[in-house]
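Computation of the quantities below employed the complete heavy-atom set of this structure, encompassing side-chain atoms and omitting hydrogens, waters and symmetry-equivalent molecules.
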Amino acid sequence: IDFSRAGMFERAEKILAFYQAEYDAQMQRGEPFRGFATAYDANTREVVEHQYNPGPNVFIGFGILHYSEASGDKSFLPLAEAIAEPLITLHENRAIRSTEEKIDLYAYLKALYEVTGEERYEQVSKEIYDQIKSAYNAQLGYFIRGDIPVYDNGNIIGYRPDTAFATDVQAMAVMVFGVEGLEEMGVDVDRLLAVTEEKAKVTVTYIKPDGTEVTVTGFEFDEQKNMITPEWTAQMVIAYRIAGNDEKADDYLGQLDRMV
């Protein structure tokens, strides 16, 4: 995505060509396409992490959409649609239990619908929207993490809400739906961000590689409050910016600068 935005199309195309070749190889082996693994060996191209999670596949798809729009090269768009198929199957089989992954897939299918006009993507995105909306717990003031299986004698007999807090779910909800979209869900965005800050804001002392000691405030993934990362802090910077709270966005952006 960044290469495409920067106009570095040859580099973006090289990355996408890798995934196109992997897709073609799966097709030649007569395998049903189940998406891309989370990690490959850069030298041998062999799978090193045999997980096929929605998140990485969604962002490969977004990479294609950004590249196609920026470069004018539409040759990878069939791959973008192919990526959607196993993800839709996971949704139809109720195999996506994470609110984060539902937000990922919702955003991707909406974007794919805008590019292709394929009504199926719009219909499935509406189904996922309803699931995301139901994940907001007004009493707690945040979107719950998802749901988790209930077992009986080793067999899954149902699911129950996983009410744990996760920073990225809240930030991504703001990034994907915006203020108006969340208000339509009945979500108070200011409260959502306030609850997120209350639960995950952390101040730590960081020692840089050169030995310099700095105090940095940012965001933890959950309520443990034992670490901060640029990833979750940067997500919150974007969320605050979208919510119109430039003061806090600038403050946390400055905290990120202190980590460098």
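- Heavy-atom minimum distance, D222 versus T167: N-OG1, 4.2 Å.
- Between D24 and Q20, the side chains place a donor N or O and an acceptor N or O closer than 3.5 Å (distance only, hydrogens not considered).
- Under a 3.5 Å cut-off, the side chain of R97 and the backbone N or O of P149 do not form any donor-acceptor pair.
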* To do: Test side-chain contact (heavy atoms from CB on, under 4.5 Å) on M185 and Y129 and set out the steps.
  => CA-CA 10 Å; M185 287 186 178; Y129 174 93; 3.4 Å; yes
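- Between Q131 and E127, the closest side-chain pair of non-hydrogen atoms is not below 4.5 Å.
- Note: the hydrophobic cluster containing I148 does not contain F165 (ILVMFWY, side chain heavy atoms under 4.5 Å, direct or indirect links).
- Between atom CZ of residue R94 and atom NE2 of residue H91 there is a gap of 8.5 Å, rounded to the nearest 0.5 Å.
- In this structure, the separation between CD1 on I96 and CG on D147 is 11.5 Å, given to the nearest 0.5 Å.
- Here the shortest heavy-atom pairing between V202 and K225 reads CG2-CA, 3.6 Å.
- Between the side chain of Q170 and the backbone N or O of L193 there is no donor-acceptor pair closer than 3.5 Å.
- Ring-plane geometry between Y108 and F62 is classed as perpendicular, the angle between the planes exceeding 60 degrees on a 0 to 90 degree scale with a lower cut at 30.
- Taking a 6.0 Å sphere around CZ of R11, one finds it holds 12 or fewer heavy atoms contributed by other residues, nucleotides or ligands.
- Side-chain atoms of L77 and S68, non-hydrogen and from C-beta on, do get closer than 4.5 Å to each other.
- Interatomic distance, E220 CD to T233 OG1, rounded to the nearest 0.5 Å: 9.5 Å.
- Judged by distance alone, the side chain of E122 and the main-chain N or O of Y113 form no donor-acceptor pair under 3.5 Å.
- Put simply, the side chain of F3 does not reach to within 4.5 Å of the side chain of H66, judged on heavy atoms.
- At a threshold of 4.5 Å between side-chain heavy atoms, the hydrophobic network of Ile, Leu, Val, Met, Phe, Trp and Tyr places L79 and F59 in one connected group.
- For the pair D152/N155, no side-chain contact is recorded, criterion being any heavy-atom separation below 4.5 Å from C-beta on.
- In this structure, A84 and L109 approach most closely via the heavy-atom pair CB-CD2, 4.1 Å.
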* **Intermediate values then yes/no, side-chain contact (heavy atoms from CB on, under 4.5 Å), E22 and R45** => CA-CA 9 Å; E22 171 62 19; R45 305 171 71 97; 5.6 Å; no
* **Derivation and outcome, side chain to side chain donor-acceptor pair (under 3.5 Å), residues E81 and Y121** => CA-CA 10 Å; E81 293 198 72; Y121 301 141; 2.7 Å; yes
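- F177 has its side chain within reach of I132: a pair of non-hydrogen atoms, C-beta onward, lies under 4.5 Å apart.
- Between E223 and K199 there is a salt bridge, since a side-chain N of the basic residue sits under 4.0 Å from a carboxylate O of the acidic one.
- Atom CZ of R34 is surrounded by 12 or fewer heavy atoms from other residues, nucleotides or ligands within 6.0 Å.
- Salt-bridge annotation for R120 and E85: present, with a side-chain N of the basic residue lying under 4.0 Å from a carboxylate O of the acidic one.
- A12 and Y67 make their closest contact through CB-CD1, 3.8 Å (heavy atoms, listed as atom of the first residue, atom of the second, distance).
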* Asked: Would E118 and L112 satisfy side-chain contact (heavy atoms from CB on, under 4.5 Å), going step by step from the backbone distance to the final call?
  -> CA-CA 8 Å; E118 173 56 54; L112 205 53; over 6 Å; no
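- Using a distance-only test at 3.5 Å, with no hydrogens or angles considered, no donor-acceptor pair links the side chain of S98 to the main chain of G146.
- Heavy-atom neighbours of E69 CD from other residues, nucleotides or ligands within 6.0 Å: at or below the threshold of 12.
- Here the side chains of Y106 and M172 are not in contact, with every heavy-atom distance at 4.5 Å or above.
- Two residues are said to be in side-chain contact when any heavy atoms from C-beta on lie closer than 4.5 Å; T212 and Y206 fail this criterion.
- To the nearest 0.5 Å, the span separating CD1 on I228 from CE on M259 amounts to 3.5 Å.
- Ion pairing between a basic and an acidic side chain is recognised when a charged N comes within 4.0 Å of a carboxylate O; R241 and D250 show such pairing.
- In the hydrophobic cluster analysis, where Ile, Leu, Val, Met, Phe, Trp and Tyr join through side-chain heavy atoms closer than 4.5 angstrom, V237 is grouped together with V214.
- The shortest distance between side-chain heavy atoms of D168 and E231 does not fall below 4.5 Å.
- Note: I157 CD1 to Y151 OH = 11.0 Å, rounded to the nearest 0.5 Å.
- With respect to F36, the ring pair (Phe, Tyr, Trp, His ring centres under 6.0 Å) criterion is satisfied by exactly one of Y52, Y23, Y19: Y19.
- Counting all heavy atoms, side chain and backbone alike, V189 lies closest to A243 at CG1-CB, 4.1 Å.
- Note on F76 and M8: same hydrophobic cluster, where clusters join Ile, Leu, Val, Met, Phe, Trp and Tyr whose side-chain heavy atoms are under 4.5 Å apart, directly or indirectly.
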* To do: Take V169 and E100, measure what side-chain contact (heavy atoms from CB on, under 4.5 Å) needs, and give me the verdict at the end.
  => CA-CA 5 Å; V169 174; E100 175 193 356; 4.0 Å; yes
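- Of all heavy-atom pairs between L65 and A111, the closest is CD1-CB, 3.8 Å.
- With a 6.0 Å radius and a threshold of 12 heavy atoms from other residues, nucleotides or ligands, E247 has its CD atom at or below the threshold.
- A side-chain donor-acceptor contact under 3.5 Å links Y142 to the backbone of T163.
- I128 and Y159 end up in different hydrophobic clusters when Ile, Leu, Val, Met, Phe, Trp and Tyr side chains are linked at under 4.5 Å.
- The structure places CZ of F219 at 11.0 Å from OG1 of T229, a figure rounded to the nearest 0.5 Å.
- Checked by atom type and distance alone, the side chain of K208 pairs as donor or acceptor with a backbone atom of V260 at under 3.5 Å.
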